K.L.:
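Before I ask anything, here is the structure I am working with.
Just so it is clear, the model here is predicted, and its values are computed rather than measured. In what follows, chains carry the letters A, B, and so on, assigned in the order in which the sequence lines appear, proteins first and then strands, with residues in each chain numbered from 1.
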Amino acid sequence: MATPEDDISRLIGRLGEDDGSAAAALLPLVYGHLRDLACRYFADQGAQHTLQPTALVHEAYLKLVGTEDAPRAYRGREHFLAVAARAMRQVLVDHARRRSAARRDGGRRGHLDSGISIVAPIEAPDATAERVLDVVRLDESLRRLAALDPRKAEIVTLQYFGGLEQDAIADVVGVSRATVARELTFARAWLSDDMRAHERKDDR
Amino acid sequence: MTHDRFARLEAAFHELAAQPAHARNAEIDRIARDDPSFAESLRALLAAHEEPMPFDRIANDAARSLARDDPAGSGDALRDAPTRAMPDRIGAYRLVRILGEGGMGTVYEAEQDHPRRRVALKVLRHDGAGIDPTSTLWRRFANEAQALGKLRHPGIAHVHDAGTYATPSGERPFLVMEFIDGPTLPQALARRTLALRERVEIMHAVAEAVAHAHSQGVIHRDLKPSNIMIDADGRPRILDFGLARLNDARGESVTFRTEHGQIMGTLAYMSPEQLSGATDEVSERSDIYALGVILYELLAGRPPHELRGLPLPEAARIVRDEEPSRLGSIDRALRGDLETIAAKAMAKEPHRRYATAHAMAADLQRHLSDEPIVARPPSAMYQWSKFARRNRGLVAGVAAAFGILIVATIALATFASRERDQRTRADARAAEAIAGRYRSALLGAQTAIATGELALAGRSLDEAPETLRGWEYEHLRRLAEPALASVDLGGAPVALGVDPTGRHAFVLVVAANGSSGAALHTLSLEPDRRLQPTRGAIAIAELPERPLIDLSPDGSVAAIIGDESTVLVDLATGRELWRRKGTLISPQQPFSVDPATGRLAIAAHGSSTALELVACDDGTPIRRFELGSSFANVFIDDASRTLVAWLDVPARSVGIDLDTGDVRWRREAKAYDVTNADGTIFLRDRQSAMHVEPRSGEVLHRNAFVASTDGQVPISADRSLILSLERGERVVLRSTADGSALRAYRSRTAALVTGRREILCGTTDGTLQLYSTDVDSGPFLVRPLGRFADYAAIAPDGSTVVTALWGVLHCFDARTGELRWSRCVSRQETIDMAYAPSSRVVATIDGRGQVTVIDVSSGDVVSSWRDRPARTLLLSSDDEALVLRGDDARSLERLHLASRSVRPVAGNVDLVARAPDGRVATVSGMTIRLDDGTAWDAPAPPLALTFDSSSSRAAALCRDGTIFVWRLARGVAPTMATRSALPGFRTEGDEGNEWLRLAFSPDGMRLVASDQLGDLHVFRSVDGDASLGELIVLQAPGLRTADLRFSPDGSRLLASGGESALATFETRTDADAAQRRRTFGRALDLIRAEFALDRTVSEARDGIEASRGNVETDVADAALVLVERCAEDANRFNSLAWGIVRVPERDPERLARATAFVHAAASTFPDDHGILNTLAAVQCRTGLHAEALETLDRCDAISIAARGTADPTDLVFRALSLAALRRVDEAEEVLAELSTLSLPDDVEFATLRREAIDAVRDARSARAPGAEE
């Protein structure tokens, strides 16, 4: 009896084909698995704190396919990972947005007379709560970058959310490795500058 | 930044980055001379290059956060809030322990560092839509805190400090208050009985404290016994002054986001004006009302009104209209002063209460000192008048401006309202009162649905005024009503089971009186007798803890298996067979028939490592299996003679031959069984789920989805659905293919019906509901597609939805969620998507400017087009696209896809939209322009624009958070029709602004707006209204609403985008609506027949009852309901009007309201004496004396016909009006006649009569001596 894994392997094998139906069929499975994996990996304490979402994307691939592939399926695998990277980014951003939905004004400081003063916002017991919003800012900056130069935004997504090597990125995007490196260098600088500029705006 | 500049920056960056620092700086300085800003940007980029953001860490942290908040990995729409742990410190305060949790937040005991002291720290909750911690609220909070800090009085707990603190779910404000060491008032009363005098003294102290706060301008708004504490010296201290307003962000109506029970706790103390939502009427007197209720309760030992278990609107009505029993009738000791003080404080009309809390305290003091009090008892006349207003004739076919049902009920079917234009402000006020009732009914229902109390939700909806019922009412009805059947069990169901044949359901219901017994009901599941009992309930003494039911395959025996004990019941006789301490295996088919003897046996623990088969009839062991390890989750498949068990050491599932005891197979996955029709066994571990053949252990099928909860995991027979019990008493039905949530029920227990696509749920309010699990029926809060989308669009004809993620498109059937096709059109992010008006093709545009047009039915690419990137795409027909470029020029271009021609249309365009009639609208800044030349300015730049189906109205959501609606007519300038603020709109920054959408319902009566958080606000948009009224907020599952639309028949609201690509908010089906139309139509006919005979209400009721034989039950029921409602509404309006004009009222606003109310009543009962009398009073007070006299003539006619004499109140007002008209002789005659009648002996009538006598006397002396009339 055919298992879902067989189907998935077949689909991934067909990823390079241009009609794209394989990628389309894979997507729902990717999304679900990425979620499950993210949660499962980080639910345990311990050494996993070094694991990154990029590793999850790779794991998702392995989980679905079973083993590393021969070069023939290389093209298909990269496209799959590109799609997964995009899904991962959105999963994380949506979640961060939802959590911070109540947090709008960033905790203003103020001073009143007659004995009551508004205390400055305190470091939350959970230190990463604040930083979770960084991914939202990164996403916003990425969108702004995408409006100016979509390719750079794609490359950054593939690198940081997809965990692809630069060779792989070059293959997906259709440029040379050197170009990918160059694009990344500038994109990182531009994004860092843009994120900081918007952070300053929020604080005001 | 422009594209050009970006490119230049990049080039310069690369050039400079390669150079050493000094050369770099020199170069930048050189550039700065020509273009300083460019140089600045360069500098910033190079600095960022040296110190980039930690992108890896950002993504990592985000993933960890996701994992922590979502350990189940279940991404469905109804997620719970993250669990709260108590932090160690908040600011300068060290938290010691939780003191309590209330509707407003959590209170902690804390220690302050400087000065060192104990304090109470209250963290205020504000969550949910409608309460928005923007800087406006923050400022208000700060002001309130400041005002509270100024209150220093021995009876008030002092507020020391205020601040905010950051939590995972956002910034929360907190208040630091004086710590009071002592019980709350209710606790104190429970501890020991307080003497009457002590209670009065407490109330006196409380009233004085409230008086002090009022004198400082602070109103409490939420006085209740639990807000009063008794300190160590026995002094009462009041808490939480003014806090109720902090939760009221909109300042219009209090949003009840707390649990239903908590609302009810506060309701008892809320004044009628607070309940009607008229917040401009809330004043110090509302606090005084609360004081009255507290006094009543303190003295009588019970509250004045019993509101428990009632739906919100019903409770509100009782408080508004019903008088509580007099204290004296409850306890003789309370007769006299105390009862008068309480009654005066609790008067329905604010101006009839004590003017100040101090006055009330003074009266209490006088009582304590045995001095006579100042207040007077409430008038008997008022009560007498009310009584007379009932039992009057009902006249046919009158449609009034507001509140009258009869004609309006026909409108139910088309969701149209019968309300006319509100011409006068008085009319508008009364309409507002009705609107408030409607909103509160909706909110009550929404809350009840969320907590699983469906019956209560239904009752709440019954209270909704019929004239206002629209789409959102039908939506909530859909959620509150079962598809197939429901039954009231009279107690909460704790366990459910379905017999293996699927013909019966077994429900264990705990007795409501809290005893340890329970009843086991057997209900039929046969289609023609659903949920009807098939035998009497079996009484179970001493129900085991946390029971589960399991049934033997032949249905003869039920095992009730609990944590500590097990009971076996013979279902035929209802007898308990035996009872055993210690738990059995978790019931997963533990029954087996011994082949040798044919006896039914059940698996049980023999010892901790041995399993026994125990005979059901007498409890003796038949066979024993030594397993060598502790075990759980046993089930027996008699057909294959296999016993499957989960062993702990080492952890594995084993299959054991029942006859030989040999181990046949092992698997490292935990066994969870459902008796599948195909006889497979379901095993699950952390990584996978599989179906296994019982005898051989061979894996037959794997599930992609793994349920994340322990315990029973029922799977439907066709293996497509799995039921999981999740946090928060939620039962979720998921697809086994991908785990997507198909629907959720608020329920503690549920069972799938074997062999049918049905599910049984025990709801929290003690009813059992049977639903179909088929996609198209049953309650959906939201039906998500379980997909994820970057972007999504809904077809204009409502038939399909296309979602896109990074160039991969999926097309779904919008009704069933079935996938039609998938296609990959690009490897770039999808920027925008649009359907053609014909719904036949859909087009997408990606980040590189590639436009792809696809045929919706086949999924084939029709044409494809490359250009520079754009940010919006619109199809104006099947082959013409409008593309809004995202570059600096913001130019709009028209592409003809077939010929590939490009034609520029306009420049400087921010937004583009299409009206249904084909006109294209462009927005530049604040100006909206149609391509037929019409142009107008919005008050602020629009962020979203839509048109109604007739293209006669346009709505825009603007940057300042306001929604505007304009009326468009050809050849005439557009006029603004209505406007309204979108609650919680964030005006700073752009976050979420690209996902703002607006949609009109097809009939134009509703306008839905999505906000920056993805919540959907439903507004009433009726021509003639001054403003849009927000009715309800719906929460959509994803945060980003890419497309928002009603289905063309108006029955469904579709929202697409975000995490679950399509959310469908459904209303009742068309078939239901048609049926209701028919029912109401016939009910109306029935009533009209009664009308024609000119009957009174009770006669009409009798007539309808008599016709029951000739009409269907639901028609007769509907007719009765309509008749009652009519009478009720009219009575209510009459009472309200009378309350105003009983006394010499001068305030024109109040008089206008009284006029509106009495007209509303009069239009239903034009010939009711009580109403006409009120009408005359209104006319008299308003100065319309001639009209008053005419009305009084009619009153007299009725009165004399009925009783032979005129009515005393009629005569009083006649005298007043005659005096005002200077017809003094006639007035004096009237007074003379009055004194011949037997008069009501209450103070109020005496006062009115006195007023008349004085007025006539003044009129007589105003005439100059000797002057003629």
K.L.:
How far apart are the C-alpha atoms of A:Thr185 and B:Phe13, what are their side-chain angles, what is the distance that settles it, and do they pass the side chain to side chain contact (heavy atoms under 4.5 Å, CB included) test?
P.N.:
CA-CA 10 Å; A:Thr185 310; B:Phe13 170 87; 4.2 Å; yes

K.L.:
Which heavy-atom pair separates A:Ser192 from B:Ala48 by the least distance, and what is that distance?
P.N.:
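Minimum heavy-atom separation between A:Ser192 and B:Ala48: CB-CB, 3.9 Å.
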
K.L.:
What is the distance from atom CE of B:Met53 to atom CG of A:Asp193, rounded to the nearest 0.5 Å?
P.N.:
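Output value for this atom pair is 10.5 Å.
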
K.L.:
Contact part of A:Leu145 toward chain B, heavy-atom cut-off under 4.5 Å: side chain, backbone, both or neither?
P.N.:
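Side chain only.
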
K.L.:
What part of B:Glu50 lies closer than 4.5 angstrom to a heavy atom of chain A: side chain, backbone, both or neither?
P.N.:
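Neither part.
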
K.L.:
Got a second to check how far B:Asp4's CG is from A:Leu148's CG, nearest 0.5 Å?
P.N.:
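That separation rounds to 11.5 Å.
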
K.L.:
Examine A:Phe186 together with B:Phe6 and report whether their ring centres are nearer than 6.0 Å.
P.N.:
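When the ring centroids of A:Phe186 and B:Phe6 are compared, they turn out to be within the sub-6.0 Å range.
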
K.L.:
What part of B:Phe55 gets closer than 4.5 Å to chain A, counting heavy atoms only: side chain, backbone, both or neither?
P.N.:
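Both parts, heavy atoms under 4.5 Å.
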
K.L.:
Looking at A:Arg188, A:Arg182, A:Met195, which has the largest count of heavy-atom pairs under 4.5 Å with chain B?
P.N.:
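Sorted descending by pairs with chain B, the first entry is A:Arg182.
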
K.L.:
Closest approach of A:Leu138 and B:Ile58, non-hydrogen atoms and distance?
P.N.:
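That closest heavy-atom pairing would be CD2-CG2, 4.1 Å.
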
